Amino acid sequence: MTAAAFVSLPDRIRGITAETVGDLQRGYLADQAHAVAALARLRRGAGKQIQQVPDLWGLIDTGPLHTPVQEGGRPPREEDLTRAEDAVHVAVTLWALHQQSRGTGMHQPHRTEAPAGLGGAVRRLMPAGDIDETVLKRLVRAGHAPDLPALAVRLREIVLLLRRADITLDYALLAEQLYRWQQPGGRDTVRRAWARSFHAHRPPRPPAADAGNPAAAAL
């Protein structure tokens with residue numbers, strides 16, 4: 001095995017989450033029985049700690065997290081594995097809650113031309129050109145949660161709003177951020193990323209008037 005085959009723990013977290021959610025989302029939208037059943041089980045874990053829902057064990061393959069991060073190296077430290085497993089669990093169960101009864105995929109990868117970070121998703125809940133202070137406070141409260149269990153509960157409240165408005169989110173990116181949030185000094189980094197995503201969001205531009213149609217141009 002070459003060194004190129006080894007990836008960082010945050011990248012593995014993102015990859016595992018993207019693969020798990022992507023596979024289940026495709027299956028759910030295709031009305032495949034196993035995916036529908038898995039989503040029903042997973043969404044019951046949204047906002048709960050992994051040890052509180054042992055019936056979910058085995059639904060998410062976190063085996064790749066245990067591989068050494070470099071050739072000849074040791075597996076990740078126990079505390080880092082715990083943080084990684086918790087981050088994946090929170091992200092996947094929140095996605096399952098978000099996806100419930102939706103006919104389109106609620107997990108969408110973040111792209112420059114189509115941002116899907118948490119801050120941008122919260123901004124999309126607000127009217128264009130206006131700030132909804134009540135909604136903004138939910139994001140601020142999430143960023144200042146005292147620990148991951150409290151953060152998971154506060155994110156659950158936001159996800160319910162996103163589901164109601166059919167607003168998508170990149171859950172692989174969220175999983176990576178949840179891992180970093182648990183690292184020393186990581187909370188400030190993640191809060192900054194959420195704030196940047198919030199302020200970077202731009203509402204879609206209305207279609208330009210038809211220059212060849214004087215009536216349309218006059219509107």
Side-chain angles (χ1 to χ4, degrees), residues 7-22 25 46-47 83-84 86-88 90-99 102 104-148 150-209:
V7 296
S8 69
L9 194 54
D11 284 343
R12 287 186 215 170
I13 292 166
R14 195 164 181 164
I16 288 170
T17 305
E19 182 176 357
T20 301
V21 170
Q25 182 167 275
R83 291 167 177 162
D86 287 346
V88 173
V90 170
V92 174
T93 54
L94 286 174
W95 162 79
L97 178 68
H98 196 169
Q99 187 62 56
R102 300 295 93 185
T104 57
M106 292 295 100
H107 163 66
Q108 293 295 332
H110 172 84
R111 304 192 307 276
T112 302
E113 65 276 15
L118 181 65
V122 170
R123 184 64 182 88
R124 290 172 63 193
L125 287 167
M126 305 178 188
D130 194 14
I131 298 295
D132 186 323
E133 293 294 339
T134 301
V135 174
L136 179 58
K137 284 179 180 178
R138 290 183 182 274
L139 180 61
V140 173
R141 286 184 68 247
H144 288 84
D147 50 35
L148 187 65
L151 176 57
V153 171
R154 295 176 187 185
L155 289 176
R156 186 183 189 278
E157 297 171 355
I158 293 174
V159 164
L160 289 173
L161 296 177
L162 298 178
R163 184 179 73 184
R164 189 180 311 158
D166 270 336
I167 294 173
T168 60
L169 185 63
D170 185 339
Y171 280 92
L173 172 60
L174 179 64
E176 179 189 339
Q177 291 175 335
L178 292 175
Y179 171 74
R180 296 188 185 280
W181 189 89
Q182 299 173 80
Q183 299 284 88
R187 297 185 186 189
D188 286 342
T189 301
V190 173
R191 281 195 291 261
R192 184 178 295 113
W194 290 348
R196 184 179 297 122
S197 173
F198 179 90
H199 290 292
H201 171 74
R202 294 293 180 269
R205 294 183 179 181

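For clarity, every value in this text was computed on a predicted model and none was experimentally measured.
For Leu161 against Leu125, the heavy-atom pair with the smallest separation is O-CD2, 3.6 Å. In plain terms, the two heavy atoms of Gly47 and Val153 that are nearest each other are O-CG2, 3.6 Å. Contact record, Trp181 with Val190: N-CG2, 3.7 Å, taken as the closest heavy-atom pair.
The structure places CD1 of Ile13 at 11.5 Å from CG of Leu174, a figure rounded to the nearest 0.5 Å. In this structure, CG on Leu162 lies 8.5 Å from CZ on Arg124, to the nearest 0.5 angstrom. The structure places OG of Ser197 at 8.0 Å from CD of Gln177, a figure rounded to the nearest 0.5 Å.
Using the six-membered ring where Trp is involved, Tyr171 and His98 have ring planes that are perpendicular, over 60° apart on the 30 and 60° scheme.
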Identify each donor-acceptor pair in which a side-chain atom of residues 128-135 lies under 3.5 Å from a protein atom, sequence neighbours left out, and give them as a table.
unit_1	atom_1	unit_2	atom_2	d
Asp132	OD1	Thr134	N	3.0
Asp132	OD1	Val135	N	3.2

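A distance-only check finds a donor-acceptor pair linking the side chain of Gln99 to the backbone of Thr104 [under 3.5 Å]. Panel note: side chain Gln182, backbone Arg83; a donor-acceptor pair is recorded below 3.5 Å. Here the side chain of Glu176 pairs no donor or acceptor atom with the backbone of Arg14 at under 3.5 angstrom. Although no hydrogens or angles enter the test, the distance criterion places a donor-acceptor pair under 3.5 Å between the side chain of Arg187 and the main chain of Pro146.
In this structure, Gln183 places its CD atom where more than 12 heavy-atom neighbours from other residues, nucleotides or ligands lie under 6.0 Å away.
Within the 4.5 Å cutoff, the side chain of His199 has no heavy atoms near those of the Arg123 side chain. Contact annotation: the side chain of Ile16 never approaches that of Val92 to less than 4.5 Å [non-hydrogen atoms, C-beta and beyond]. Side-chain atoms of Arg156 and Leu97, non-hydrogen and from C-beta on, do get closer than 4.5 Å to each other. A 4.5 Å side-chain heavy-atom check between Leu155 and Leu178 finds at least one atom pair inside the cut-off. Taking the side chain as every heavy atom from C-beta outward, Val90 and Tyr179 never approach each other to under 4.5 Å. Residues Leu136 and Phe198 have side chains in contact (heavy-atom distance under 4.5 Å, counting atoms from C-beta outward). Between Arg102 and Arg163 there is a side-chain heavy-atom pair separated by less than 4.5 Å.
Salt-bridge annotation for Asp188 and Arg191: present, with a side-chain N of the basic residue lying under 4.0 Å from a carboxylate O of the acidic one.
The only option from Thr17, Thr168, Asp170, Leu169 that meets the side chain to side chain contact (heavy atoms under 4.5 Å, CB included) definition with His107 turns out to be Asp170.
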